[in-house]
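Comments concern the structure below.
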Amino acid sequence: MPTYLCTSTTGRLTSEQKSKIAGEITKIHSEVTGAPAFFAQVIFSEVKAGDWFIGGAQLTHDHIFISGHIRAGRAVVDKTRMIKLMSEGVAQAADVKNGRAVWLYLNELPPRQMIEFGQVLPEPGDEPAWTAALPEQDRAFMQSLPVAT
Amino acid sequence: MPTYLCTSTTGRLTSEQKSKIAGEITKIHSEVTGAPAFFAQVIFSEVKAGDWFIGGAQLTHDHIFISGHIRAGRAVVDKTRMIKLMSEGVAQAADVKNGRAVWLYLNELPPRQMIEFGQVLPEPGDEPAWTAALPEQDRAFMQSLPVAT
Amino acid sequence: MPTYLCTSTTGRLTSEQKSKIAGEITKIHSEVTGAPAFFAQVIFSEVKAGDWFIGGAQLTHDHIFISGHIRAGRAVVDKTRMIKLMSEGVAQAADVKNGRAVWLYLNELPPRQMIEFGQVLPEPGDEPAWTAALPEQDRAFMQSLPVAT
């Protein structure tokens, strides 16, 4: 039920690295929040180094930027722990020289302002009852989606 | 006064479908919130299926993701109703096989932290007084913009 | 410690204009908030005019959209002043015909939900103590980054 947008410079990440990063983010989000893994969305986009500035100067060092959008309602301590784990996991998956290369922001949205698979999302913790109450066809579709392990 | 970012896989949406989707979003946002239609911004971008993951696995099913950024201050019930209407309207405009293809998130921002056409935005409901108080030239410009009907 | 995403139509901004815009945003953010300039990230992306709609109609006028993501905790009056200065600075740097061309949104995130250079960010105002407490290697890296003046 979260979406993570991952931005890197053109050609920086291989397909294999993207796949690893998506797997890491999905696994960590699911482990820390308890949300089902089949909802985690990760989208990659690329930007030319000439279109990327830090401190007003063109980007010259290794750098990956991830912007996450998750349901509101988790403990602060869990969210901070989660972004630490993710930034380390992404750094490793992307084979960066050091952990300083990864920036990660976490934005929160009220679940009632999010629709996935045609359904308004439940509050954190209410996933089991929500899943049980889904129309059979929708639940079957969600559970049929491939999930990386 | 809202912005909706619509992401689809490369080549998924025709120009006509994009136009229809923008029209649907604009119309529904305006009808539910009462905000003037000439402020609704819809931006489309495309992502290769190989750069898009759900559940840690590469995207294989039909899927459209919309991220809306609106002024804070509306009733919860209206916002939930709005995203339901929008996800249905977009599903139809995009000719998706089923409503499960559309994900839609709604992020809220304080109007005082938003500038459009050079003007800090009013609170929801204050649009008429705000419009009346605009410099004549600015109001004329906004009202001269084409609005799809 | 903020990120600003700047969207314009394909070919609208020259490299020089992008550099000027990044410089303006970085300078104003730093002056108004007191945050160190080396953390300000500005990313440019382009969209075809045919993929951009306002009022449900395809974009035909000069238009630049900036979406800022900053740490929560500043005074409302400062944030509004900042976006006014930025929209004016960007309009000038982009050589737009009038200030109406620039839209700017400011989204706020809790600093504890943001990681930069491998470090969870401090609350606004706590930067000096935070910087002093960094591992020597990390502090040296950050301070070695080029900053436009």
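By convention in this document, chain letters (A, B, ...) are assigned in the order of the sequence lines, proteins followed by strands, and residues within each chain are numbered from 1. Because the structure is predicted, anything quoted here is derived from the model rather than measured.
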Any donor-acceptor N/O pair, C:Thr80 side chain to B:Arg112 backbone, under 3.5 Å: yes
Approximate separation, where rounding is to 0.5 Å, of B:Leu5 CG and C:Leu5 CG: 9.5 Å
Atom pair OH/CG of C:Tyr105 and B:Leu121 - distance to nearest 0.5 Å: 6.5 Å
Segment of B:His29 engaging chain C (4.5 angstrom heavy-atom cut-off): neither
Heavy atoms of other groups near B:Gln143 CD, more than 12 under 6.0 Å: yes
Geometric class of the C:Phe53/B:Phe44 ring pair [parallel <30°, tilted 30-60°, perpendicular >60°]: perpendicular
Residue, of B:Val120, B:Ile21, B:Asp138, that accumulates the most heavy atom pairs under 4.5 Å with chain C: B:Asp138
Point-to-point distance, once rounded to the nearest 0.5 Å, from CD1 of C:Ile54 to CG of B:Leu145: 7.0 Å
Options B:Glu46, B:Glu108, B:Met142, B:Gln137, ranked by heavy-atom pairs under 4.5 Å with chain C, top entry: B:Gln137
Non-hydrogen atoms of B:Ile115 and C:Ser87 that approach each other most closely: CD1-OG, 3.7 Å
Side chain / backbone / both / neither for B:Pro2 at chain C, heavy atoms under 4.5 Å: backbone
Side chain, backbone, both or neither of C:Lys48 within contact of chain B (heavy atoms, under 4.5 Å): neither
Among C:Val102, C:Thr60, C:Ile83, residue most engaged with chain B (heavy-atom pairs, under 4.5 Å): C:Ile83
From NE2 (C:His63) to CD (B:Glu116), nearest 0.5 Å: 8.0 Å
Separation between CG of C:Asn107 and CE of B:Met114, rounded to the nearest 0.5 Å: 9.5 Å
Face-on cation placement of C:Arg100 at B:Phe117 ring, 6.0 Å and 45° thresholds: no
Pick from B:Ser30, B:Cys6, B:Pro146 with the largest number of heavy-atom pairs that fall under 4.5 Å of chain C: B:Pro146
Atom pair CG (B:Leu109) and OG (C:Ser67), whose distance is rounded to the nearest 0.5 Å: 7.5 Å
Contacting region of B:Ser19 [heavy-atom separation from chain C under 4.5 Å]: both
Smallest separation among heavy atoms of B:Lys18 and C:Asp51, with atom names: NZ-OD1, 2.9 Å
